[in-house]
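See below for the structure under consideration.
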Amino acid sequence: MPPQGGHPQGAGAPPILQVAVPRPLQEALDYRPPPGAWPAEPVGCRVEVPLGRSRAVGIVVAVRHSSDLPASRLRAASAWVDEQPLLDTELLETLTWAARYYRYPLGTALATALPGPLRQGRPARRAVAWWRLDARLHEDDRAVRRAPRQAELRRRLLASGGAAPYALLVAEQPAWQRAGRLLEQAGLLHREYHPAQAEGSADRTPRPGPELDADQQQALECMLAADGYAAFLLEGVTGSGKTEVYLQTAARALAAGRQVLILVPEIGLAPQFLERLRERLSGSVVVLHSGLSGTDRAEAWLAARDGDAAVILGTRSAIFTPLPRPGLIVVDEEHDPSLAQQDGFRYSARDLAVLRARTLDVPVVLGSATPSLESLHNARGARYTHLRLPHRAGLARAPSVQLVDIRSRRLVGGISAPLQEAVRRHLDAGSQVLLFLNRRGYAPVLICHACGWVAGCHRCDARLTYHRSRAQLRCHHCGHTARVPAACPECGEADLRPLGPGTERLEEALAELFPGVGQLRIDRDTTRRRGALEAQLAAAHRGDAQLLIGTQMLAKGHHLPAVTLVAVIDVDQGLFGADFRATERLAQLVVQVAGRAGRGEQPGEVLLQTRHPEHPMLRTLLERGYPAFAEAHLAERQAAGLPPYAALALLRAESVHADAPYLFLESAAQYGRSRLGKGGGVELLGPVPAPMERREGRHRAQLMVRAERRIDLQRFLVAWSGGLGSLEGARQVRWSLDVDPVEMV
DNA sequence: AGCACGCCGACT
DNA sequence: GTCGGCGTGCTC
């Protein structure tokens, strides 16, 4: 076949491929097509291309007849990687849109959406690697006589007819991995790919679900009535059975032969969810999250693309899973910030879920007990249908929530007398008690009682946390550790005292107050090992301990049915944060934590220790609940011109030099003002110091871009962001642009 | 992001 | 005289 033979454009000038390469470039690059036969549909296929002095795997985003560059400057792509598109039109369009919207280079955006092996050009076959012994080694063992592991592997392979799956071999004997690689290099062992076994789970009979109550039934019917795209905000209090509604909606989509994509904020929540999915839904279920190996991710991703995976359960990045037979998208805990943020490609998986649902013309459900103000705003504006599950299912009743005023009260390890009394009462009744404190370590501050010196991090504007168990001072922001000084480095007095409670200290205090009562502390320090969290949760479930102490990680949807008392040791922590979302976060946290109480048959009790019992947010939340709080807070946001009543972008910059971020941000602001046409509807605010000005030895500052209308913000960003990299001072700082930031930090 | 080119300090 | 520091600039 002649070089251009077979391309669909026929005779005439050879077409040009526009290839998005995995480099931070604004645009795709033009290449002449590679020699050889064309794929039937080139757009969405990977090609290998020469790039500078190296080569790269890029994705064809368009085929053109001409290029802006002279033909002499075009290089030819080296080879097609795919015979059919890896990214279908819809996914490619979604990613292109997201790259534009979030101002991120297209090639890098596409690359981050793909599992590692596919990004690097591995065949898009769902294949299992096998090792086959070279024919020379069948009769003749001379080559391996002096290498016992290789000889072993040879015997093993001969025993199964000369070939076996790689993963199986390595599982049997890890040392064979190295032995095999050596044989492979010597050409005595060959890698081959066999088609993956189809998932044999489609024939299970799903277990029927429980009867729905009236609210659930109504929500379900409403969703099932959707024909094509529809967005639902499912606001269901903890224990109201949101999951059941998802499951039954999903079952309907599956029955119609469609795929269901379910996003969860973190995979820690997934195992219980996964079990329920497998038990209740027909069709094969795959998971997709960052904890998987590249190969496993590629396998799951391709199973979805081939339409073999019926249910895809994943975290943030799973929003970029191909869905050839889309039926439903579910975003669980839609308010959770881990569905957005993260560094690099800063996108909101929740927002993209809605976008994809619209493009794919399928329903999308955003579920939460504490919906984000953005979603509530959308529901009010009729962009989402608001479905409510206001009652706990079954016998479980809503817990009673009370504030404990701890002003001028004596605290033992952070515990007030009323709380101590309540703990006693619940323990005596044979229940479990959960104490929530979002601060690990022994004490957040170590202070010199003589001169007032406080142990601080020299790389961050932060106090060092005192960890007593390891006699260490640790910075929770940069990981710096130091030994605890014997005496004050300032005045020399040996009177350093821990100030304030941490989970370790809470543990100690509880041991004194309730001797003999089993305790379980669940924070990042006790769950560092793999599987430790699961093990601890299982222990909590079994009732191995009556007192459970936990940080943030325990606030999320884990079922602890024997817990009847939940106490928040210090609710004030989140009350006056620098972030305008701090109050919303705190309200969500309080409600989520409270949701851990009394899921069983006994009613729950929730105590919140505070020094600000009159705080309006706490009052509203307690007296009138989350929906009323949200209502009040939305009004505040509107008055302040903040999201969801405005669109924001944040330009951050950091450097080891104190003034570099300001110099860069000043020139960015100036450049921005020059690009602001008259009446652009955009404001530039700052630069201002970041909430924690110095972190990991770097000075940080930020410039806020605010617009009343999203379209104005986008128009401005398009005109502005491209030029930022070549501004004065840009090379002296690390900078990033965050569109729709969820955290100001 | 890679990767090279380019112009100034301590080494055989 | 060179090896190599990372500042600057490009990748079709």
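Note on naming: letters A, B, ... go to the chains in the order of the sequence lines (proteins, then strands), and numbering restarts at 1 for each one.
- Under a 4.0 Å N-O distance rule, the pair A:R55/A:E48 qualifies as a salt bridge.
- No salt bridge links A:E266 with A:R316; every basic N to acidic carboxylate O contact stays at or beyond 4.0 Å.
- Interface residues of residues 98-111 of chain A facing DNA chain C, ordered by number: none; criterion, heavy-atom separation under 4.0 Å.
- The environment of A:H657 atom NE2 is sparse: at most 12 non-hydrogen atoms of other residues, nucleotides or ligands sit within 6.0 angstrom.
- Other residues, nucleotides and ligands contribute at most 12 non-hydrogen atoms within 6.0 Å of the CD atom of A:E27.
- Ion pairing between a basic and an acidic side chain is recognised when a charged N comes within 4.0 Å of a carboxylate O; A:D306 and A:R126 show such pairing.
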For nucleotides 9-12 of chain C, give me every protein contact, N/O to N/O, under 3.5 Å, one pair per line with atom names.
residue, atom, partner, partner atom, Å
C:dT11, OP1, A:R73, NH2, 3.0
C:dT11, O3', A:G52, N, 3.2
C:dC12, OP1, A:Y31, OH, 3.2
C:dC12, OP1, A:P50, O, 3.2
C:dC12, OP2, A:R75, NH1, 2.8
C:dC12, O3', A:D30, O, 2.7
C:dC12, O3', A:R75, N, 2.7
C:dC12, O2, A:D30, N, 2.8

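- Bracketed by its first and final contacts, the part of DNA chain B lying under 4.0 Å from non-hydrogen atoms of chain A reaches from B:dA1 to B:dC5 in 5' to 3' order.
- Under the 30°/60° scheme for interplanar angles, the aromatic rings of A:F320 and A:F345 are found to lie parallel.
- A:R474 and A:D525 are joined by a salt bridge, as a carboxylate oxygen and a charged side-chain nitrogen come within less than 4.0 angstrom of each other.
- Other residues, nucleotides and ligands contribute at most 12 non-hydrogen atoms within 6.0 Å of the CD atom of A:Q670.
- Enclosure of atom CZ in A:R483 is not indicated, since only 12 or fewer non-hydrogen atoms of other residues, nucleotides or ligands lie within 6.0 angstrom.
- With a 6.0 Å radius and a threshold of 12 heavy atoms from other residues, nucleotides or ligands, A:R463 has its CZ atom at or below the threshold.
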